[in-house]
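Letters go in sequence order (proteins before strands), and every chain restarts at 1. Note that this is a predicted model, so its numbers are computed, not measured.
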Amino acid sequence: ILNVEQSPQSLHVQEGDSTNFTCSFPSSNFYALHWYRWETAKSPEALFVMTLNGDEKKKGRISATLNTKEGYSYLYIKGSQPEDSATYLCAFRANSGAGSYQLTFGKGTKLSVIP
Amino acid sequence: GAGVSQTPSNKVTEKGKYVELRCDPISGHTALYWYRQSLGQGPEFLIYFQGTGAADDSGLPNDRFFAVRPEGSVSTLKIQRTERGDSAVYLCASSLDWNTEAFFGQGTRLTVV
């Protein structure tokens with residue numbers, strides 16, 4: 001059973017604050033690490049797909065880093081806005097035969113940005 | 001439409017009944033996935049289709065769950081003899097291939113009473 005952990009479970013920040021949260025995953029048999037943003041009553045939206053150790057990706061005010069050797073990824077949000085309020089999910093894809101088809105998700109970090 | 005469409009968006013059923021959940025993937029996407037999110041958990045993998053065939057059904061919890069994709073496009077997740085523990089959000093996703101970005105639908109919220 002693959003273990004993907006996210007912390008913190010929930011987070012409240014003031015508008016304009018920068019924040020970050022963590023995803024930890026198995027450091028062996030790594031294929032890819034996905035980040036999704038899931039707003040209430042909407043579809044989960046893909047933010048990043050990260051495949052290489054040391055990868056850094058950026059999309060507007062959101063960025064992510066990847067360390068496959070130690071099994072963690074950080075998601076950063078700069079200058080949080082109320083529209084950033086959502087649950088942020090990470091998902092691990094293994095490089096191991098049939099298991100490669102599956103994304104193993106963490107429980108998510110629920111971010112609330114207070115105006 | 002341009003995205004993954006799931007119907008119904010909400011379904012309330014009585015314990016013991018049969019339900020079908022439908023997923024219309026993005027046109028041209030050969031890979032289709034079903035996931036289930038129970039309260040307080042992340043989405044859990046159920047089944048993966050490549051075209052018409054189920055390439056990985058290892059996530060189906062028991063034989064009450066079955067899914068089909070007869071023409072390689074629309075998929076139906078079927079649950080027999082529903083139990084209260086089946087209550088969850090059922091998510092469908094599609095992608096061009098198994099290792100490319102997956103696009104999710106809004107999910108079907110199933111409540112078994």
Side-chain angles (χ1 to χ4, degrees), chain A residues 1-10 21-25 29-52 55 57 59 64 73 75 86-110, chain B residues 1-10 23-26 29-51 53-61 67 69 88-109:
Chain A
I1 295 175
L2 299 174
N3 200 28
V4 177
E5 301 279 348
Q6 290 188 248
S7 63
Q9 186 175 338
S10 64
F21 19 94
T22 307
C23 172
S24 62
F25 52 85
N29 292 324
F30 177 86
Y31 187 90
L33 194 282
H34 298 240
W35 280 100
Y36 286 88
R37 174 169 61 199
W38 194 0
E39 296 178 64
T40 303
K42 294 189 177 179
S43 310
E45 173 199 354
L47 291 173
F48 304 113
V49 181
M50 309 182 80
T51 56
L52 297 176
D55 246 358
K57 299 220 171 180
K59 189 175 185 176
S73 176
L75 190 80
T87 295
Y88 291 81
L89 293 163
C90 70
F92 170 82
R93 189 188 295 278
N95 182 20
S96 58
S100 303
Y101 300 133
Q102 307 175 16
L103 289 176
T104 300
F105 283 85
K107 293 182 181 181
T109 292
K110 185 173 181 180
Chain B
V4 177
S5 176
Q6 290 188 247
T7 54
S9 54
N10 279 284
C23 174
D24 278 272
I26 293 172
H29 281 192
T30 59
L32 185 144
Y33 312 80
W34 284 98
Y35 286 82
R36 172 170 77 171
Q37 190 196 31
S38 303
L39 196 62
Q41 303 296 316
E44 294 175 300
F45 171 81
L46 295 177
I47 187 168
Y48 160 68
F49 286 92
Q50 181 60 38
D56 183 355
D57 64 359
S58 62
L60 293 177
R69 195 186 184 199
V89 176
Y90 289 80
L91 290 164
C92 175
S94 71
S95 59
L96 283 170
D97 205 344
W98 67 271
N99 59 349
T100 57
E101 182 180 339
F103 296 84
F104 281 83
Q106 287 186 286
T108 293
R109 181 175 295 279

Next item on the list: Indicate the ring-plane relationship of Phe105(A) and Tyr36(A), choosing parallel, tilted or perpendicular according to the 30° and 60° boundaries.
Entry: tilted
Checklist line | Engaged part of Ser9(B) at the chain A interface, taking heavy atoms whose separation is under 4.5 Å | finding: neither
Check: For Gln6(A), which of Thr87(A), Leu75(A), Thr22(A), Leu89(A) qualifies under side chain to side chain contact (heavy atoms under 4.5 Å, CB included)?
Finding: Leu89(A)
Next item on the list: Tell me, for Leu46(B) versus chain A, whether the close heavy atoms (under 4.5 Å) come from the side chain, the backbone, both or neither.
Entry: neither
Check: When you measure from the side chain of Gln102(A) to the backbone N and O of Arg93(A), does any donor-acceptor pair fall under 3.5 Å?
Finding: no
Next item on the list: Ignoring hydrogens and angles, tell me if any N or O in the side chain of Arg69(B) forms a donor-acceptor pair with the backbone of Gly51(B) under 3.5 Å.
Entry: yes
Note to self: Check whether Tyr33(B) reaches the backbone of Trp98(B) with its side chain - one donor and one acceptor, N or O, closer than 3.5 Å.
What the structure shows: yes
Next item on the list: Name the region of Ala41(A), side chain, backbone, both or neither, that has any atom closer than 4.5 Å to a heavy atom of chain B.
Entry: backbone
Next item on the list: Under 4.5 Å, counting heavy-atom pairs only, tell me which of Gly59(B), Gly107(B), Ala102(B) racks up the most with chain A.
Entry: Ala102(B)
Item checked: Contacting region of Tyr35(B) [heavy-atom separation from chain A under 4.5 Å] -> side chain
Margin query: Out of Gln37(B), Glu44(B), Gln6(B), return the one with the most heavy atom pairs under 4.5 angstrom to chain A.
Written below: Gln37(B)
